[in-house]
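So the structure is just underneath, and the comments pick up after that.
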There are 2 protein chains.
Amino acid sequence: MKLTARQQEILDYLHAEHRQSGIMPSTREIQEHFGFASQTAAVSHLRALEKKGAIVKKDRKARSLIFADAADREPIVDVPIYGAIPAGYSDDTTPEADGTLSVDVRSMGLDERSKAYALKVRGESMIEAHIMDGDHVVLEYREPRDQDIVAALIDGETTLKRYVNNGRKPFLKAENPDFPDLIPAQELLIQGVMVGLVRGASRRW
Amino acid sequence: MKLTARQQEILDYLHAEHRQSGIMPSTREIQEHFGFASQTAAVSHLRALEKKGAIVKKDRKARSLIFADAADREPIVDVPIYGAIPAGYSDDTTPEADGTLSVDVRSMGLDERSKAYALKVRGESMIEAHIMDGDHVVLEYREPRDQDIVAALIDGETTLKRYVNNGRKPFLKAENPDFPDLIPAQELLIQGVMVGLVRGASRRW
DNA sequence: CAAGAACATGGATAAAAATACAGCGTGCGC
DNA sequence: GCGCACGCTGTATTTTTATCCATGTTCTTG
């Protein structure tokens, strides 16, 4: 169903207000903003918007409208970005984060409950897996499977490697011919499994 | 300032409710959820949370609390994902989107006003720029600069190419030796400039 | 042209929600 | 042992807000 121009205006106002202040306008605030002489004007517009499926309202509650597309939108998780993960990391101590990255659950295939985190990639050791210097890699805590890309603690530093488990002893492998490292995986602390990647602007590619 | 255990419980409840339903609980709803006999209990907790800086309240408004960290968090934009952009695209007609991608403004360096969109990458023509098949590329409408990666309309299909403008005639270049195409850029419709990349899970790398 | 949708006014009502005030017990630091 | 933050009860008041009814104007559209 298509919205009329006026209805789109109302919807835009709702969006703008909600984005800016975080709370939904009440009918009176809509009325005042548009200069309506009566609340009914605002109410009937909201009703029209609801009928056309643009918003969803819960009855008899203050400011209880939500945008229809927000209702079925994938939730967003804020994953903390760590420059590096210190050695004795346990669940209680939260290492200091260099900001957060917000990603929607679906595009990463994340589980909302699993504590994910992001790591800023340094160096070119995974360049052949098309992971560049400066990329942010999103990781999850879980058991690695064969060919997963994992974050591992090597010599007190966290680095990204491919986890290979082909029946024999599992080992870690860099994706760069300059790093022909084959490191037995048992002795190492696997700190996470890569589930996604975010490459931002402000860089050259 | 540290929160007490009870205050953290209240804050968690607020977070959970807000994430799930999109609207903030009122004092009565808090009261009922925790089984308080009086609204004042909820109110005083909210006051404590506000004093400690966990939430921000606007006076005399229903459901007008917002989380303090949400107030200064980077805004999130929902960029539509297009499989391909049709030829005669104009600002009025919105091509159908294959879902949306939510990214925070800062990590992409996006301008919130500029209408960004995402494109699902097909094929390996940009593999040497480390853009893989299945990646989602985020693009902005603006003039391309030298060495930018752009989406261009070639033979009715949208493809990703590197824009090269070294003083002479600008042209487009694929980042794959199997695609040695040099296409004069003038004759083509540049549909966007790459500003970021999101690589999701549910694929092998 | 009739019918309906969209858009608006004016006034009224009741539910929902924030706010206020007066207490009470417990633990903690000084 | 005094003050103070914390967590809560109980009652009352005021503001905010959603909702309803009756009515009128302009469009569009079959």
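Within every chain, numbering begins at 1; the chains are lettered A, B, ... in the order of the sequence lines, protein sequences first and strands thereafter.
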Item to check | OP1 or OP2 of D:dT17 under 4.0 Å from side-chain N/O of A:T27 | outcome: no
Next on the checklist: Closest-nucleotide mapping onto DNA chain D: is B:A37 or A:P25 further toward the 5' terminus? I mean the 5' end.
Outcome noted: B:A37
Item to check | Protein-nucleotide distance (A:L3, atom CG; C:dA5, atom C1'), rounded to Å | outcome: 14 Å
Next on the checklist: At 4.0 Å (heavy atoms only), tell me whether B:Q39 reaches a base, stays on the sugar-phosphate, or touches nothing.
Outcome noted: base
Checklist entry - Just to confirm, is there a sub-4.0 Å distance from OP1 or OP2 of C:dA17 to any side-chain nitrogen or oxygen of B:Q31? => result no
Checklist outcome for this item: note: B:E9, atom CD; D:dC6, atom P; distance rounded to Å ~ 16 Å
Checklist outcome for this item: A:F34 CZ to C:dC7 P, in whole Å, measures 11 Å
Next on the checklist: What's the closest nucleotide to the side chain of A:S38 if the choices are C:dC21, C:dG10, D:dC6?
Outcome noted: C:dG10
Checklist entry - Atom CD1 of B:I10 to atom P of D:dC8: distance rounded to whole Å? => result 7 Å
Checklist entry - Nearest-Å distance, CZ (A:R6) to P (D:dC27)? => result 14 Å
Checklist entry - Once the angle between the rings of B:H15 and B:F67 is folded into 0 to 90°, is it parallel (under 30°), tilted (30 to 60°) or perpendicular (over 60°)? => result parallel
Checklist entry - Is any N or O donor-acceptor pair between the side chain of B:R28 and the base of C:dA17 shorter than 3.5 Å? => result yes
Item to check | 5' precedence on DNA chain C between B:R63 and B:R47 (nearest-nucleotide basis) | outcome: B:R63
Next on the checklist: Under 4.0 Å from OP1 or OP2 of D:dC8: is there any side-chain N or O of B:H45 that close?
Outcome noted: yes
Checklist entry - Rounded to whole angstroms, how far apart are NZ on B:K51 and P on D:dG7? => result 11 Å
Checklist entry - If only side-chain N and O atoms of B:K58 are considered, is one of them under 4.0 Å from the OP1 or OP2 phosphate oxygen of C:dT19? => result no
Item to check | Residue A:T4, side-chain heavy atoms: nucleotide from D:dT19, C:dC7, D:dC6 that is nearest | outcome: C:dC7
Checklist outcome for this item: Regarding the side chain of B:K61, the nearest nucleotide among C:dC7, D:dC8, D:dT17 is D:dT17
Item to check | A:I30 CD1 - D:dT16 P separation (whole Å) | outcome: 17 Å
Checklist outcome for this item: Among the nucleotides D:dA18, C:dA18, D:dC8, whichever has the atom closest to the side chain of B:A41 is D:dC8
Item to check | Sidechain-backbone polar pair: A:D133 side chain, A:G123 backbone, donor-acceptor under 3.5 Å | outcome: yes
Item to check | Aromatic ring pairing B:Y117/B:Y141, orientation class (parallel under 30°, perpendicular over 60°, tilted between) | outcome: tilted
Checklist entry - Quick one: does B:L119's side chain get under 4.5 Å of B:T158's, heavy atoms only? => result yes
Checklist entry - C:dA18 phosphate, OP1 or OP2: any side-chain N/O from B:K57 under 4.0 angstrom? => result no
Checklist entry - Of the nucleotides D:dT19, D:dT17, D:dC20, which has the atom closest to the A:T40 side chain? => result D:dC20
Checklist entry - Would you find a donor on one side and an acceptor on the other, under 3.5 Å apart, between the side chain of A:E17 and the backbone of A:L14? => result no
Item to check | A:R162 side-chain N/O to A:A174 backbone N/O, donor-acceptor pair under 3.5 Å | outcome: no
Next on the checklist: Taking the nucleotide of DNA chain D with the nearest heavy atom to each, does B:S44 or B:R60 sit closer to the 5' end?
Outcome noted: B:S44
Checklist entry - Of the candidate nucleotides C:dA17, C:dG10, D:dC6, which contains the atom at the shortest distance from the side chain of B:A62? => result C:dA17
